[in-house]
Structures are given as structure tokens and as C-alpha cells.
Amino acid sequence: MLRLIAKSLCLRCQCATAIPLHLRPCSTLSSAENQQTVEALYDLSVDIQKVRQLKGWVLHACPAYTNEVADLLKEMGASGFTVARILASHPEAVLCHPEQMRAQRELWMSVCPKQKELVGIIENFPSSFFTSLSHHVNQRNNIAYFQSLNLNNRIITKLMASAPQSFGRPVEQNELMVCTLQKAYQDLGGEEANMKIWLQKLLSQNPFVLLKRPEVLRQNLLFLRDKGFSPAELLRLLSKLRGFVTELNPDCMSRTLAYSQDTMGCSEEELRGIILNCPAVLYYPDVILAERFEGLLSAGISMSQIKETPTVLELTTQIVNYRIQRLRVYGYDIRTGSLQVLNGTKKDFEMSNGKLMLRRERPIFNPVAPLKVDD
């Protein structure tokens, strides 16, 4: 009996702590499941066991608008299967008031007018769409701000979907970070005519850069400048790092640079060249770099080869060993050949591998050999 009481109390505590803050004023939790919600989800073919396991508190919340949310999604072109998937992965959507959801639909369609595309975004990023109405003003202001920068609506949509926190906060915070990025670009010699494209590309590759503190960016650029990087090289690094320079700090970079220079036995100038070719050397911790150096060297690859093609350090040891085995099948000796064939994505490697296979299977054409011609 005591165990049952304890289990019941734990369930209530889990429900109470799991419910998002913005839902508490308008939603209450009961010890029993809301049968209307359960039945509505069942009728929509939602995996209720999955909901119970991951976010069971939703089934205890009241009021819920399961059918209304499903109808609005279907109005936007979502199929029954898609609706079921959205509600299974993000069941708290049923606590979203229909008026709130209509306001969100109107807001999102200002940057993504095609409802079919919007449904796809909701399916992949449901938590970005089903947000608190209290964020609506900030979202609208941030959309207006990014549109004033002449950013493509597709980029703005991507930012809203993948980094919703940056749109739920006051626009002034995003303005500050964007101005810091623009100033860094200009101070490093970037051309004014290309700044919009540069900023658009950086934000699309790393939307979370908006959530970082401007001081971190300035501090890290100063550190790298003191390490001998020229303004042009810093701009190149900032672009290649895709804003991830804001996730570094001078202490970590100092340790990584010292370790890399000591391991590769290179000068500071050589190290800067290696980093420009492979920024991963800058942001990977020395523990990870040590593992990758060891893996490459144990595979018979020399340090001079690594220095010549440092981008192999971006690959895990498991991927490197797998690719070396694949290349060995076609007679390619990685110890004497270029490491460039190891690089790239899985698709890039398969293309290189295919070329090696064709080269092995295709007979060598001898231009002086007589042609066999039927009489």
C-alpha cells in the first residue's frame, strides 16, 4: 500500500515539474487521465503508449484542444498520418488554444506562405510552432527586424524553426549580436557589397550564433589576432567556422594550439596555415585530437601526410579505419598515396571510391596497339 501511495505521489510530482511554465496559468493537472484527450488521440491514431512514456503529464492536463488542433493542421494540408506523427512527438500541442494556433499560423505564413512547406516545418520542429502567445510580439518584431536586413524569407524561416529561442526574446538582443557580426566583418576587411550574403550564409549554417554573447566573439577574435592571424585570415576563419568561434574561449584554444604544435612539430606560421585549412584543429579539445592523431598514425599514416591534409582530423577514427579498408580492396595504399581520398562526406567518399573501382576494372588503352577490324 505504501509503495502504491509513493508511486502515485511520484507520478504527481513528475507531472507537476514536467509541465511547461507557459501552460500552467491556463492548464490544470488531474491525478486521472483526461479521457476526452485519450479518446481523441486514439481516434487520430496517435501512439498513446509513446505519449504516456515520454510526456504522460499531457494526458492529465485540462483543458485540451486535441480535435481543434488536428482540424487546423488538416486545414493547412496535413494528412491524418502527419497529424498523428506531430501529436505523438509533441503531444503538448493539444494544450495550444485554437486562437493561439491561428495567430501562429498567420505569423509563420508571413515568411513561409506555402502551407505545405509550413506543415513540413511543423512536423520537423513542432516545439518551434506551438509556442506561448506571450512570445508572439517578440516573434513579430524579430521577423520585421530580419526582413529589414533584406534576409531571404527562407533563411528567416530556418532561423525560426531551428533556433526559436532567438525569436522569443526581445529584438534588441538579436540586433546587438547582428551588429557585432557586421562590425567584425567590416573591421576584418569584408566588402560591404557582400556583407548581406555573408551574414545570411553564417546565420543559415549556425542559427545559434544569435544566442551567444557579443563579448565572446570580440574576445576570441582578439586572441586569434594576437596569435598572428591577419585580418583577412581572421575573416576567412570566421566564415569557415560558421560562427562557432563564439563557442570557443582563449583558454581552450591555447591548450589546443599548444598540443597541436607540439604533436605535429611545426612552427607557429605552419600551424596557422594548418588551422586555415582545417579549423577543426582550433575547436576540437586536445583529448579528441590525441585520439585522432593516434588512430591515423597507427594506420600507417605519417605526420607529414597529416600536415599536408589536416582535414582528415575532422573524421573519427572509426570512419578513417573503415575508409582505409574500403580503399585497400581496390589496391590503394594510403601510406603512399594522398589522404585527400579519405576526406569529405559519405557521398563524397563513395564517389572517390567509385572512381578508383572504375580505374581498376577499366583496361588500359594502348594507342599503338593494332585495332581488330572484321573483314
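These values consider heavy atoms only, across backbone and side chains, with no hydrogens, waters or symmetry-generated copies.
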With a 3.5 Å cut-off and no angle check, do the side chains of S79 and T82 form a donor-acceptor pair? yes
I'd like to check V46 versus V51 (side-chain heavy atoms, cut-off strictly below 4.5 Å). Are they in contact? yes
Assess the residue pair E215 and R218 against the criterion (salt bridge (Lys or Arg N to Asp or Glu O under 4.0 Å)); give the C-alpha distance rounded to whole Å, side-chain angles, the decisive distance to 0.1 Å, and a yes or no. CA-CA 5 Å; E215 297 78 22; R218 288 191 286 262; 3.7 Å; yes
Please give me the minimum heavy-atom distance between S204 and P207, naming the atom from each residue. O-CD, 4.1 Å
Can you see whether N174 engages R169 through a side-chain donor-acceptor pair at a distance of less than 3.5 angstrom? yes
Measure from the side-chain N and O atoms of K196 to the backbone N and O of L149, and report whether any donor-acceptor pair falls under 3.5 Å. no
Chi angles and distances behind the side-chain hydrogen bond (donor to acceptor under 3.5 Å, both in side chains) call for E192, Q186: CA-CA 7 Å; E192 187 75 27; Q186 292 169 329; 2.9 Å; yes
Determine, step by step, whether E92 and K55 satisfy the salt bridge (Lys or Arg N to Asp or Glu O under 4.0 Å) criterion, reporting the C-alpha distance in whole Å, the side-chain angles of both residues, the deciding distance to 0.1 Å, and the verdict. CA-CA 8 Å; E92 54 265 53; K55 296 180 181 177; 2.9 Å; yes
Before giving the answer on salt bridge (Lys or Arg N to Asp or Glu O under 4.0 Å), spell out for R105 and E75 the whole-Å C-alpha distance, their side-chain angles and the decisive distance to 0.1 Å. CA-CA 11 Å; R105 177 176 61 179; E75 281 179 24; 3.5 Å; yes
Polar side-chain atom of N141 near backbone of N138 as donor-acceptor pair, under 3.5 Å: no
Check: Q200 side chain, L151 main-chain N or O, donor-acceptor pair, under 3.5 Å: no
Hydrophobic cluster identity match, Y42 and L54, side-chain contacts under 4.5 Å: no
Closest approach of N343 to T309 (non-hydrogen atoms, all atoms of both residues): ND2-CG2, 3.2 Å
Measure the shortest side-chain to side-chain distance between P250 and Q219 over non-hydrogen atoms and say whether it is less than 4.5 angstrom. yes
Listed partners of S110 passing side-chain contact (heavy atoms from CB on, under 4.5 Å), at least two apart: I143
Verify, without hydrogens or angle tests, whether Q305 (side chain) and S338 (backbone) share a donor-acceptor contact under 3.5 angstrom. no
Hphob cluster co-occupancy, V216 + L203, side-chain heavy atoms under 4.5 angstrom: no
Should the pair R52-E33 be classified as a salt bridge under the 4.0 Å nitrogen-to-oxygen rule? yes
Should L224 and I275 count as side-chain neighbours, where that means a heavy-atom distance under 4.5 Å? no
Using side-chain heavy atoms (C-beta onward) and a distance below 4.5 Å, is F129 in contact with M101? yes
Between E233 and K227, does any NZ, NE, NH1 or NH2 come within less than 4.0 Å of an OD or OE carboxylate oxygen? no
Do the side-chain N and O atoms of S254 and D251 include a donor-acceptor pair separated by under 3.5 angstrom? no
Is there a side-chain contact between F130 and Q104 in this structure, where contact means two heavy atoms from C-beta onward sitting under 4.5 Å apart? no
I would like to know whether H135 and F167 meet ring pair (Phe, Tyr, Trp, His ring centres under 6.0 Å); could you show each step before the answer? CA-CA 8 Å; H135 295 158; F167 277 75; over 10 Å; no
Would you say C278 and E314 make side-chain contact, with heavy atoms under 4.5 Å? yes
Report yes if some heavy atom in the side chain of W198 is under 4.5 Å from a heavy atom in the side chain of S239; otherwise report no. yes
Do the non-hydrogen side-chain atoms of L296 and T317 ever get within less than 4.5 Å of each other? no
hydrophobic_cluster_shared for L276 and V281, side chain cutoff 4.5 Å: yes
Using the rule that Ile, Leu, Val, Met, Phe, Trp and Tyr join whenever any side-chain heavy atoms are under 4.5 Å apart, tell me whether V137 and L107 fall into a single cluster. no
When you group the ILVMFWY residues by side-chain heavy-atom contacts below 4.5 Å and let the links chain together, are V209 and I197 in the same group? no
Would you kindly say whether Y259 and R255 are connected by a side-chain donor-acceptor distance under 3.5 Å? no
Mind checking what makes side-chain contact (heavy atoms from CB on, under 4.5 Å) contact with N153, not counting sequence neighbours? V111, Q147, I156
T256 side chain to M253 backbone, donor-acceptor under 3.5 Å: no
Sequence neighbours left out, what pairs pass ring pair (Phe, Tyr, Trp, His ring centres under 6.0 Å) with at least one residue falling in residues 273-302? none
Give a yes or no on whether the backbone of V245 and the side-chain of N220 come within a donor-acceptor separation of less than 3.5 Å. yes
